[in-house]
Amino acid sequence: MAIRFYNTLTRQEDEFVPLHSGEVRLYTCGPTVYDYAHIGNFRTYLWEDLLRRFLRFRGYRVTQAMNLTDVDDKTIANARAAGISLEDYTRRYIDAFFEDIETLGIEKAEHYPRATHFIPDMARLVGKLMERGHVYESRGSLYFKIATYPGYGRLSRLDTAAGVGQARIDSDEYERDNPRDFAVWKAPKDDEPFWQTEIGPGRPGWHIECSAMSMKLLGETFDIHTGGVDNIFPHHENEIAQSEAATGKPFVRYWMHAAHLVVDGEKMSKSRGNFFTLRDLAARGYDMRAVRYHLVSVHYRKPLNFTFEGLAQSQAALARLDDLALRLGQFGASHTTGTGDLAAKARERLQGMLEDLDHDLNTAGALGHLFELVRETHTTLDTGRFSTEDLEAVRKVLHAFGRIFGIEPGQRADLDAEIEDLIRRRAEARSQRNFAESDRIRDDLLRRGIVLEDTPQGVRWKRKSA
RNA sequence: GGCGGCGUAGCCAAGCGGUAAGGCAGAGGUCUGCAAAACCUCGAUACAUCGGUUCGAUUCCGAUCGCCGCCUCCA
């Protein structure tokens, strides 16, 4: 079964075949480090992580680069407002970003290129464009002339002949031949950081950064480039233009874009008070595993309407997965009363999951198969007729889910000795049918956030979900 | 104005030509010392509306309504 991805370039699902057999080169547009990333950003990063994990699960070696934009108008302005250097300012948010992706269980990419570390490469790329006649100068800045690149507008399907509004042109501080021409190199200003390079002093335009770093790390043509839908134009369109104009080669083979997250049906914005970072959700007591589950459970090309009710629903769904894993953990080595029917079902459900994921990462569909298996497993376990093979097969599916979705079911921190002792004492009381005492201990543990469940295999504990 | 997306049960959400997966919430029941968990049963004559194509449409085409995004920095 072939993997198919929706390709923004072709506007259809294309079969995925990497350039180099067995290897995928992936560039995921990363954060501009001027502030904490918000859950909308993480919706995209989490989806990209799922893409990476899925490709790896399918046996590909993945080389991923995610850029950190540490020089642009906002970072410069904010650093100045804070009265510190650009580097000191951005380091704060770079550190926060890495903490956040750790919190969410996002796998580390192979490369996290920082724009300020690749200035010579960008200058070299601009130099190449100059040689080839794609660039003109205006007031010390260098602009890409889109009229010199015939393919311009293919990705975003914008009509380049039609100009943008007159007001836009008049208000612009730079002079350009065509309002859609864009800066590849910005003239130095006294109060802004700039670099001395082979093409003169200045700082890079936004788009040139991704072109230079992606081609340097992944090759002039690579497999997948991702980002949010808002990046389609102008960012990705411009990347294509300058990259292909410089090399004469196709830049990216599959362009994939994630739809936005909205909150209560509205765009997230600080002024509306519906702007959330990961830290905001953690402060409200939400489980980060549930946040991950929630943001990844909706198909990436559909807008995700974030609500706290929805997050609570995801938390409950995830608890069901955790409960099954915990129940499976109660069974030991050998069970041979069954026929292996459950194992067959497990293989079938895993197959279904993978087929849905093959189909443009249909996570919601895949979860449907998984929960079918959850019910089938409980039902079989209730009958008591199952084999070790059955248990192993289900565990394997849960583990596959864990690897791909980045959430291992049944994960829980260990208990401290005092809690363990209380559980033991309750079991003793209960075995003596001293229910008053056992219930008292159970209530006490519940107050400490530990839920006990009595089963034929003995007592099972878990942490109370928020 | 141009381009693109979305509208499926109380909520979330798959399916996308053959008669509606899954999750959450809810009701009843089984099990349990009691709970919890789990299991069983119950929910859309129906997929925004109206037309069209088809033997047959939620699924294709057109129109309408509603919501959202992009066209300027943005995941």
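Quick note on labels: first sequence line is chain A, next is B, and so on, each numbered from 1. Since we're looking at a predicted model, the values are computed, not measured.
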K.L.:
Counting only side-chain heavy atoms from C-beta out, which of B:C73, B:A14, B:A75 sits nearest to A:Asn362?
P.N.:
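Comparing B:C73, B:A14, B:A75 against the side chain of A:Asn362, the answer is B:A14.
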K.L.:
Between A:Thr379 and A:Arg426, name the one whose nearest nucleotide on RNA chain B is closer to the 5' end.
P.N.:
A:Arg426
K.L.:
Taking the same atom, C1', in B:A21 and in B:U59, what whole-Å distance lies between them?
P.N.:
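My reading of the C1' atoms in B:A21 and B:U59 gives 15 Å.
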K.L.:
Are A:Glu99 and A:Arg279 ion-paired here, with the side-chain N under 4.0 Å from a carboxylate O?
P.N.:
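Yes, charged N to carboxylate O under 4.0 Å.
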K.L.:
For B:G69, which nucleotide in any strand shown is its Watson-Crick or wobble partner with both distances under 3.5 Å?
P.N.:
B:C3
K.L.:
Let's see if you can work this out: which of B:C73, B:A37, B:C71 has an atom nearest to the side-chain heavy atoms of A:Lys74?
P.N.:
B:C73
K.L.:
State which of B:G23, B:G69, B:C39 makes the closest approach to the side chain of A:His260.
P.N.:
B:G69
K.L.:
Expressed in whole Å, how much space separates the P atoms belonging to B:G69 and B:A25?
P.N.:
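It comes out at 31 Å once rounded to the nearest Å.
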K.L.:
Does the ring of A:Phe371 lie flat against the base of B:G22, closer than 5.5 Å centre to centre with planes under 30°?
P.N.:
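Ring-base stacking flag not set for A:Phe371 and B:G22.
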K.L.:
Would you mind pulling out the nucleotide paired to B:U45, Watson-Crick or G-U wobble, both distances under 3.5 Å?
P.N.:
none
K.L.:
Quick one: look up who B:C60 pairs with, Watson-Crick or G-U, both distances under 3.5 Å, and put none if it's unpaired.
P.N.:
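Base-paired to B:G52.
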K.L.:
Which nucleotide in the list B:C73, B:C39, B:C6 gets nearest to the side chain of A:Pro234?
P.N.:
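Selected nucleotide (nearest to the side chain): B:C73.
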K.L.:
So, applying side chain to side chain donor-acceptor pair (under 3.5 Å) with A:Tyr300, which one of A:Asp360, A:Thr363, A:Asn362 is it?
P.N.:
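The single option meeting the side chain to side chain donor-acceptor pair (under 3.5 Å) with A:Tyr300 is A:Asp360.
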K.L.:
Check every atom of B:A13, B:G23, B:G33 against the side chain of A:Arg442 and return the nucleotide holding the closest atom.
P.N.:
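Closest nucleotide among those given: B:G33.
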K.L.:
When the aromatic ring centroids of A:Tyr45 and A:Phe42 are compared, is their separation below 6.0 Å?
P.N.:
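Yes, close enough.
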K.L.:
So, are A:Asp443 and A:Arg426 salt-bridged, with charged N and O less than 4.0 Å apart?
P.N.:
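No salt bridge links A:Asp443 with A:Arg426.
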K.L.:
Among B:C34, B:A75, B:A14, find the nucleotide with the atom closest to the side chain of A:Asn231.
P.N.:
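Looking only at heavy atoms from C-beta outward on A:Asn231, the closest nucleotide is B:A75.
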K.L.:
Could you work out which one of B:C40, B:A14, B:G33 sits closest to the side chain of A:Arg375?
P.N.:
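Among B:C40, B:A14, B:G33, the one nearest the side chain of A:Arg375 is B:C40.
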K.L.:
Please verify the inter-ring angle class for A:His235 with A:His207; under 30° counts as parallel, over 60° as perpendicular, anything in between as tilted.
P.N.:
tilted
K.L.:
Does the structure show a Watson-Crick or G-U wobble partner for B:C39, both distances under 3.5 Å? Name it, or say none.
P.N.:
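Paired with B:C39, as far as the under-3.5 Å criterion goes, is B:G29.
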K.L.:
Work out how far the P atom of B:C65 is from that of B:U58, and round it to whole angstrom.
P.N.:
23 Å
K.L.:
Name the residue closer to the 5' end of RNA chain B, choosing between A:Arg433 and A:Gly368 according to the nucleotide with the nearest heavy atom.
P.N.:
A:Gly368
K.L.:
With both distances under 3.5 angstrom, what nucleotide forms a Watson-Crick or G-U wobble pair with B:A21?
P.N.:
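Here B:A21 is not engaged in any pair, so there is no nucleotide opposite it.
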